[in-house]
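Down below is the structure, laid out as structure tokens.
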Amino acid sequence: MSDEIVATNEGTLKPSKKRRFAVRWGKRLLHLIGRFQARHSLVGVGPVLDPAEFPWVGELEAAWSGIREELDQVLVHPEDLPPFHVMSPEQARISKGDHWKTFGFYVYGHRVEDNCAQCPYTVSVIEKLPGMRTAFFSVLDPGYHIPPHRGPTRAVIRCHLALRVPRERERCWIRVDDKVCHWTEGKCLLLDDTYEHEVRNDTDELRVVLFLDIDRPSDRIGTAFNKLLVRMIAASRYIQEPLKNVVVWNRERAERRRQANP
């Protein structure tokens, strides 16, 4: 086993102390860089952003029902969806058990071919979004709480297109800094995830969003800087390892299906 990944008593994997140290200080550096990025941003830099600042939001919201149809097909086999931390061991602190699942299409510009093939309409929509870097279905189980955490960089804007929202929507929320927001099916919620945020689903229904990271609109200096930073992140083990894990998961999923249907 790699000296950067260690096994816990429960048999799960988590990053080693060396790797956690590197990730922690790397994120702190990125937060300092965020101040520079804010000065060059052409859109708001608060915790929650105005959808009117992003011309593509209307087109994405208009496509939501078709995306929802493909999501429903994916959810026919929930056992095929990996927990978030299985794909990215660094997320073990905020992803426990199998209560937060994902179905990834793009990870920092890297396409997940098997998953894209299952949802062609969704992929046709997201590939038209300017500066789309990451896209996946984010499935949160009833009763689950994602504890407070921060994203690594202001180079991207986080977008949630709500696909399945519990009927008791007031009991399902995301807090970003001091703003508490609720999802509305078919509508986008845009935020800066470098602010501390947490999610809670205190209902008995799933909450599912199409989770997107989009390049932050910036001036010429900010755009050049952000593109360089994103390329560095995309080439790092922070991204490359989850991509390898997705390939392994999908291969094992295909083998399970083959054995179940010889």
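Start at 1 with the first residue, then count along the sequence.
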**Q.** From OH (Tyr106) to CZ (Phe136), nearest 0.5 Å
**A.** 15.5 Å

Q.
Let me confirm one number: the CZ-CD distance from Arg256 to Glu79, rounded to the nearest 0.5 Å.
A. 7.5 Å

(Q) Taking the side chain as everything from C-beta on, heavy atoms only, tell me whether Trp64 gets closer than 4.5 Å to Lys187. (A) no

Q: Identify the heavy atoms of Pro152 and Asp193 that sit nearest to each other, and give their distance.
A: CD-OD2, 4.4 Å

(Q) Quick one: does any side-chain atom of Asp98 pair with a main-chain N or O of Pro83 as donor and acceptor, under 3.5 Å? (A) no

Q | Residues forming a salt bridge (Lys or Arg N to Asp or Glu O under 4.0 Å) with Asp50, sequence neighbours excluded | A | none

Q: Consider only side-chain heavy atoms of I, L, V, M, F, W and Y, link residues closer than 4.5 Å, and tell whether Val123 and Ile67 are in one cluster.
A: yes

Q. Can you tell me how far the CG atom of Leu163 sits from the OG atom of Ser65, to the nearest 0.5 Å?
A. 10.0 Å

Q | Step-by-step side chain to side chain contact (heavy atoms under 4.5 Å, CB included) determination, Leu243 to Val247 | A | CA-CA 6 Å; Leu243 284 168; Val247 171; 5.9 Å; no

Q | Leu189 CG to Cys159 SG distance, which is reported to the nearest 0.5 Å | A | 8.0 Å

(Q) Taking Val45's backbone N and O only, do any of them form a donor-acceptor pair with Arg154's side chain (distance below 3.5 Å, no angle check)? (A) yes

Q: Taking all heavy atoms of Glu185 and all of Val165, pick out the closest pair and write down the distance.
A: OE2-N, 2.9 Å

(Q) Check Lys101 with Asp141, please: is the shortest side-chain N to carboxylate O separation under 4.0 Å? (A) yes

Q: Using salt bridge (Lys or Arg N to Asp or Glu O under 4.0 Å) as the criterion, list what pairs up with Arg111, not counting sequence neighbours.
A: Glu113, Glu127

Q) Mind checking what makes side-chain hydrogen bond (donor to acceptor under 3.5 Å, both in side chains) contact with Asp72, not counting sequence neighbours? A) Arg68

Q) Does the side chain of Arg253 come within less than 4.5 Å of Asn250's, by heavy atoms? A) yes

Q | Results of salt bridge (Lys or Arg N to Asp or Glu O under 4.0 Å) for Glu196 - residues two or more places apart only | A | Arg175

Q: Ignoring hydrogens and angles, tell me if any N or O in the side chain of Trp249 forms a donor-acceptor pair with the backbone of Asp80 under 3.5 Å.
A: yes

Q) Under a 4.5 Å side-chain heavy-atom rule over Ile, Leu, Val, Met, Phe, Trp and Tyr, are Val125 and Val74 clustered together? A) yes

**Q.** Whether His182 side chain and Arg169 backbone form a donor-acceptor pair below 3.5 Å
**A.** yes

Q: Please test Gln118 against Glu70 for side chain to side chain contact (heavy atoms under 4.5 Å, CB included), starting from the C-alpha separation and ending with a verdict.
A: CA-CA 8 Å; Gln118 289 189 53; Glu70 290 189 333; over 6 Å; no

(Q) Please tell me whether Val48 and Ile146 are part of a single hydrophobic cluster in this structure, the criterion being side-chain heavy atoms less than 4.5 Å apart. (A) yes

Q.
Would a single hydrophobic cluster contain both Val176 and Val156, if residues Ile, Leu, Val, Met, Phe, Trp and Tyr are joined by side-chain heavy-atom contacts under 4.5 Å?
A. no

**Q.** Under 3.5 Å donor-acceptor, Glu61 side chain and Cys188 backbone
**A.** yes

Q. Counting only N and O atoms by type, is there a donor-acceptor contact under 3.5 Å from the side chain of Glu53 to the main-chain atoms of Val43?
A. no

Q: Flag the pair Tyr108 / Arg231 as yes when at least one side-chain heavy-atom distance between them is below 4.5 Å, and no otherwise.
A: no

Q) What are the two closest non-hydrogen atoms of Val57 and Pro51, and how far apart are they? A) CG2-O, 3.8 Å

Q) Checking Thr194 side chain against Thr153 main chain: does a donor-acceptor pair fall under 3.5 Å? A) no

**Q.** Glu205 side-chain N/O to Arg167 backbone N/O, donor-acceptor pair under 3.5 Å
**A.** yes

Q | Cluster link Ile239 to Ile33, ILVMFWY, side chain under 4.5 Å | A | yes

Q: For His149 and Arg93, run side chain to side chain contact (heavy atoms under 4.5 Å, CB included): C-alpha distance rounded to whole Å, both residues' side-chain angles, the deciding distance at 0.1 Å, then the answer.
A: CA-CA 9 Å; His149 61 287; Arg93 183 184 71 83; 3.4 Å; yes

Q.
If the condition is salt bridge (Lys or Arg N to Asp or Glu O under 4.0 Å), which residues does Asp215 pass it with, not counting sequence neighbours?
A. Arg133

Q | Which atom of Val199 lies closest to which atom of His145, heavy atoms considered | A | O-CD2, 3.1 Å

(Q) Tell me every residue that passes ring pair (Phe, Tyr, Trp, His ring centres under 6.0 Å) with Trp100, counting only those two or more places apart in sequence or in another chain. (A) Phe84

Q: Grab the two heavy atoms, one from Glu198 and one from Pro147, that are nearest each other, plus how far apart they are.
A: CB-C, 3.9 Å

Q) With no hydrogens and no angle check, is any side-chain donor or acceptor of Asn201 less than 3.5 Å from a backbone partner on Thr203? A) yes

Q.
My understanding is that only residues two or more places apart in sequence, or in another chain, count here; which of them pass ring pair (Phe, Tyr, Trp, His ring centres under 6.0 Å) with Phe103?
A. Phe105

Q: Using side-chain hydrogen bond (donor to acceptor under 3.5 Å, both in side chains) as the criterion, list what pairs up with Thr134, not counting sequence neighbours.
A: none

Q. What distance separates Thr184 OG1 from His160 NE2, expressed to the nearest 0.5 Å?
A. 14.0 Å

Q. Under the ring pair (Phe, Tyr, Trp, His ring centres under 6.0 Å) test, which residues partner Phe225, sequence neighbours left out?
A. Phe36

Q: Check whether any side-chain N or O of His40 sits under 3.5 Å from a backbone N or O of Ser218 as a donor-acceptor pair, and report yes or no.
A: no

**Q.** Where at least one partner belongs to residues 109-135, residue pairs that pass ring pair (Phe, Tyr, Trp, His ring centres under 6.0 Å), sequence neighbours excluded
**A.** none

Q. With a 4.5 Å heavy-atom cut-off, do Lys179 and Leu191 have their side chains touching?
A. no

Q.
Could you report the tightest heavy-atom contact between His197 and Tyr195, atom names first, then the distance?
A. ND1-O, 2.9 Å

Q.
Can you list everything that forms a ring pair (Phe, Tyr, Trp, His ring centres under 6.0 Å) with Trp56? Sequence neighbours excluded, please.
A. Phe54

Throw together a table of side-chain donor-acceptor distances under 3.5 angstrom for residues 206-214, partners on residues two or more places apart or in other chains.
| unit_1 | atom_1 | unit_2 | atom_2 | d |
| --- | --- | --- | --- | --- |
| Arg207 | NH2 | Ser138 | O | 3.1 |
| Arg207 | NH2 | Ser138 | OG | 3.0 |
| Asp213 | OD1 | Arg158 | NE | 2.5 |
| Asp213 | OD1 | Arg158 | NH2 | 3.2 |
| Asp213 | OD2 | Arg158 | NH2 | 3.3 |

Q. Rounded to the nearest 0.5 Å, what separation is found between the OG1 atom of Thr102 and the CG atom of Leu140?
A. 12.0 Å

